[in-house]
> 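Just passing along the structure, written as structure tokens.
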Amino acid sequence: MLEIQRIRTDKESIIEGLKKRNIDVTPIVDNILEKDSRWRSAKGELENCSAELNRIAKQVGELFQQGKQEEANQAKAQTAVLKENESAYKEQVKQLEDEINQLMYQLPNVPNEQVKAGKNELDNETVEEVGSKTTFSGKALPHWEITQKYDLIDFELGVKVTGAGFPIYKGKGAKLQRALIAFFLDEAHKAGYEEFIPPLVVNEASGFGTGQLPDKEGQMYYVNEDDLYLIPTAEVPLTNIYRDVLLPNEDFSIKMTGYTPCFRREAGSYGKDVRGLNRLHQFDKVEIVRIEHPDNSARALDEMVNHVKGLLAKLGLHYRILRLCGGDTGFASAMTYDFEVFSAAQEKWLEVSSVSRFDTFQANRLKLRFKTADKKTALCHTLNGSALALPRIVAALLENNQTEDGIKIPEVLHKYTGFEMIS
RNA sequence: GGAGAGUUGGCAGAGUGGUCGAUUGCGGCAGUCUUGAAAACUGUUGAACCGAAGGGUUCCGGGGGUUCGAAUCCCUCACUCUCCGCCA
């Protein structure tokens, strides 16, 4: 969430910036400022009461020790009214804090200056396109037919065991999956990211830290019995490793990677988009996460984008990079690049990665800070990106690389798969 | 799942109703000494919020209560450890 300090001092730029998301937050911001000013005055009163009570308590103690019972009891009598006032102010302060927080949760991150205004995905800018469409002599099969033809993934069986959106990978399909995960992790390792295997379920505080809660809880699977959530992305456990952390100096650059399955309820998505591997309730992903000094986050974002470009190039996929417009940029993000691969048989672009910088938005919730050279504390910047999400990569690989003899496996994967062709 | 013990500052570890944001040790930082370093000695060393400032408030796992006053007493929740049971 945004810093209240920033709203106090920089209201106009927040309102202006958020217009790029096609929303006008003026009423919310004004409401916050009004409540904030009442909060401060109530807080002041409360602290005065506390200070006075502290003073009396101290006095009473001294009087008792001097054996002045009478005077001590007199002093005690003074506290009744003060205590009443104190609890009234306390109530007020708490109430206002709750209301302010409710409002703060409604404010998304302010888009970076490079982000263009826009309403939805139609306004996104294509910043780069690499490769070209595969051409086929005959008719190209969509991946859900290929997976059936070569017995790579069984969607029906997944329905039987669990439900729609939980495919079962088999044989070379499973091996390909494992190969991609190993490849992505090795590449991340080479790029300096430390590998983690985090928990796949997280507590409420973690969901809150990265911004999934309180608003988007409907998107996560929830384990009622233990009050835990299945992770929608490795971003949640990885970033939360650094919740409530105060880094001792300015000299840090934390680079983490991890493979995890991701669980998403995807309530309300139906139809053509969910066919085959296009949208699943459980899928595999390798994530990269960075925690950076504010001065470094722009460079870090570039590095992450380049990393993902490298992966797609090595896989020989036709892809493009979009810089999301304000309206399509995620709630917590200041700037997001989406990577899409072209799926030749479906003839459409499939999102396979989303690389974002959050600036202090997550760090503020996480209480992730560092000590500056002059011994002040300041919020870190967080970034993350998929590198990469598997299902649509698999879809594109199968569709784009189909030949009459079978599916060609990209060379970089050979050492992981142990086969060069699926036939 | 059953029984018991615990949760205090970066770490270790005192503190069982008042002057305790908290003894002490280690670590960190600064200084003295030294060509330099080590050792020794001296000093210093948590965070959040409000305030222009002086200053004030809050924080001893979380929440609530008793009291003029709580790290200390009570209730409750979470977590950790030990033993037993179960188990990959």
Side-chain angles (χ1 to χ4, degrees), chain A residues 1-9 32-101 103-104 197-209 213-214 222-229 237 240-252 254 261 360 362-380:
Chain A
M1 81 186 142
L2 297 175
E3 292 143 88
I4 184 84
Q5 202 61 41
R6 188 169 163 198
I7 294 175
R8 286 181 194 145
T9 59
I32 288 171
L33 287 175
E34 187 269 329
K35 288 194 157 74
D36 180 57
S37 111
R38 274 162 56 204
W39 174 81
R40 275 188 285 178
S41 98
K43 178 99 168 167
E45 296 293 343
L46 170 63
E47 287 180 1
N48 287 341
C49 287
S50 305
E52 185 62 11
L53 282 165
N54 286 344
R55 198 187 58 77
I56 293 173
K58 204 167 193 173
Q59 198 186 11
V60 171
E62 282 164 6
L63 289 171
F64 269 130
Q65 270 170 4
Q66 292 162 15
K68 300 177 181 168
Q69 292 287 339
E70 198 61 26
E71 292 172 53
N73 285 328
Q74 268 172 27
K76 268 162 89 165
Q78 295 171 29
T79 61
V81 177
L82 276 169
K83 284 179 86 170
E84 237 167 74
N85 288 345
E86 187 194 37
S87 65
Y89 283 124
K90 204 181 250 174
E91 185 67 24
Q92 218 178 101
V93 166
K94 193 178 180 304
Q95 172 84 23
L96 283 165
E97 276 171 359
D98 288 348
E99 289 174 16
I100 290 167
N101 279 336
L103 292 165
M104 293 292 289
I197 301 180
L200 306 181
V201 287
V202 294
N203 57 30
E204 187 179 353
S206 292
F208 180 80
L213 298 174
Y222 176 58
V223 185
N224 187 55
E225 192 74 14
D226 300 289
D227 199 17
L228 296 170
Y229 296 86
N240 273 284
I241 289 171
Y242 283 88
R243 171 155 47 83
D244 288 320
V245 166
L246 179 54
L247 298 165
N249 55 52
E250 305 200 33
D251 183 25
F252 63 91
I254 293 156
T360 59
Q362 288 184 327
N364 190 214
R365 289 187 161 203
L366 291 161
K367 294 207 176 13
L368 166 52
R369 299 160 302 167
F370 67 97
K371 278 278 189 203
T372 63
D374 54 344
K375 303 288 180 200
K376 299 255 195 300
T377 54
L379 292 168
C380 301

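Below, chain A is the first sequence line, B the second, and so on; all start at residue 1.
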> Give the minimum heavy-atom separation between L379(A) and R369(A), together with the two atoms involved.
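Of all heavy-atom pairs spanning L379(A) and R369(A), the closest is CD2-CG, 3.6 Å.
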> Please report the distance separating the C1' of G31(B) from the corresponding atom of C49(B), rounded so that it comes out in whole Å.
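Straight-line distance between the two C1' atoms is 34 Å.
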> With E52(A), which residues qualify under salt bridge (Lys or Arg N to Asp or Glu O under 4.0 Å), at least two apart?
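Applying salt bridge (Lys or Arg N to Asp or Glu O under 4.0 Å) to E52(A) gives R55(A).
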> What does the list of N/O pairs under 3.5 Å between the protein and nucleotides 63-71 of chain B look like, with a distance for each?
residue: G69(B); atom: OP1; partner: K83(A); partner atom: NZ; Å: 3.2
residue: G69(B); atom: OP2; partner: K83(A); partner atom: NZ; Å: 3.3

> Counting only side-chain N and O atoms of R40(A), is one of them less than 4.0 Å from OP1 or OP2 of C49(B)?
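Checking C49(B) against R40(A), no side-chain N or O comes under 4.0 Å of OP1 or OP2.
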> N/O contacts under 3.5 Å, protein versus nucleotides 74-80 of chain B?
none

> Checking all strands, does R369(A) fall into the base, sugar-phosphate, or nothing category for heavy-atom contacts under 4.0 angstrom?
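Sugar-phosphate, backbone atoms only, no base.
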> Under 4.0 Å between a side-chain N/O of R8(A) and OP1 or OP2 of C50(B), yes or no?
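Affirmative; the distance criterion is met.
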> Is there a side-chain contact between I254(A) and L247(A), using heavy atoms and a 4.5 Å cut-off?
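I254(A) vs L247(A): side chains touch.
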> Roughly how far apart, to the nearest Å, are G25(B) and U82(B) at atom P?
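After rounding to an integer number of Å, I get 31 Å for this pair.
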> Could you give the distance separating A71(B) and G65(B) at their P atoms, to the nearest angstrom?
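Nearest-Å result for G65(B) against A71(B) at atom P: 15 Å.
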> Pairs under 3.5 angstrom, nitrogen or oxygen only, protein versus nucleotides 53-56 of chain B, please.
residue: G56(B); atom: N2; partner: E47(A); partner atom: OE1; Å: 3.1
residue: G56(B); atom: N2; partner: E47(A); partner atom: OE2; Å: 3.4

> For the C1' atoms, the ones on G21(B) and on G15(B), what distance do you get once it is rounded to whole angstrom?
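Looking at atom C1' only, G21(B) and G15(B) are 13 Å apart.
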> Would you tabulate the side-chain donor-acceptor contacts of residues 73-86 of chain A under 3.5 Å, counting partners in other chains and residues two or more places apart, or write 'none'?
residue: N73(A); atom: ND2; partner: Q69(A); partner atom: O; Å: 3.4
residue: T79(A); atom: OG1; partner: K76(A); partner atom: O; Å: 2.7
residue: E86(A); atom: OE2; partner: S50(A); partner atom: OG; Å: 3.3

> Anything under 3.5 Å between a donor and an acceptor, one on a side chain of residues 199-207 of chain A, the other on a protein residue two or more places apart or in another chain? List them.
residue: N203(A); atom: OD1; partner: A205(A); partner atom: N; Å: 3.4
residue: N203(A); atom: OD1; partner: S206(A); partner atom: N; Å: 3.0
residue: N203(A); atom: OD1; partner: S206(A); partner atom: OG; Å: 3.1
residue: S206(A); atom: OG; partner: R243(A); partner atom: NH2; Å: 2.8

> May I have the distance from K371(A) (atom NZ) to G10(B) (atom P), rounded to whole angstrom?
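Going from K371(A) (NZ) to G10(B) (P), I get 10 Å.
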> Just the rounded figure in Å: distance from P of G28(B) to CG of L246(A).
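Rounded to the whole Å, the gap is 18 Å.
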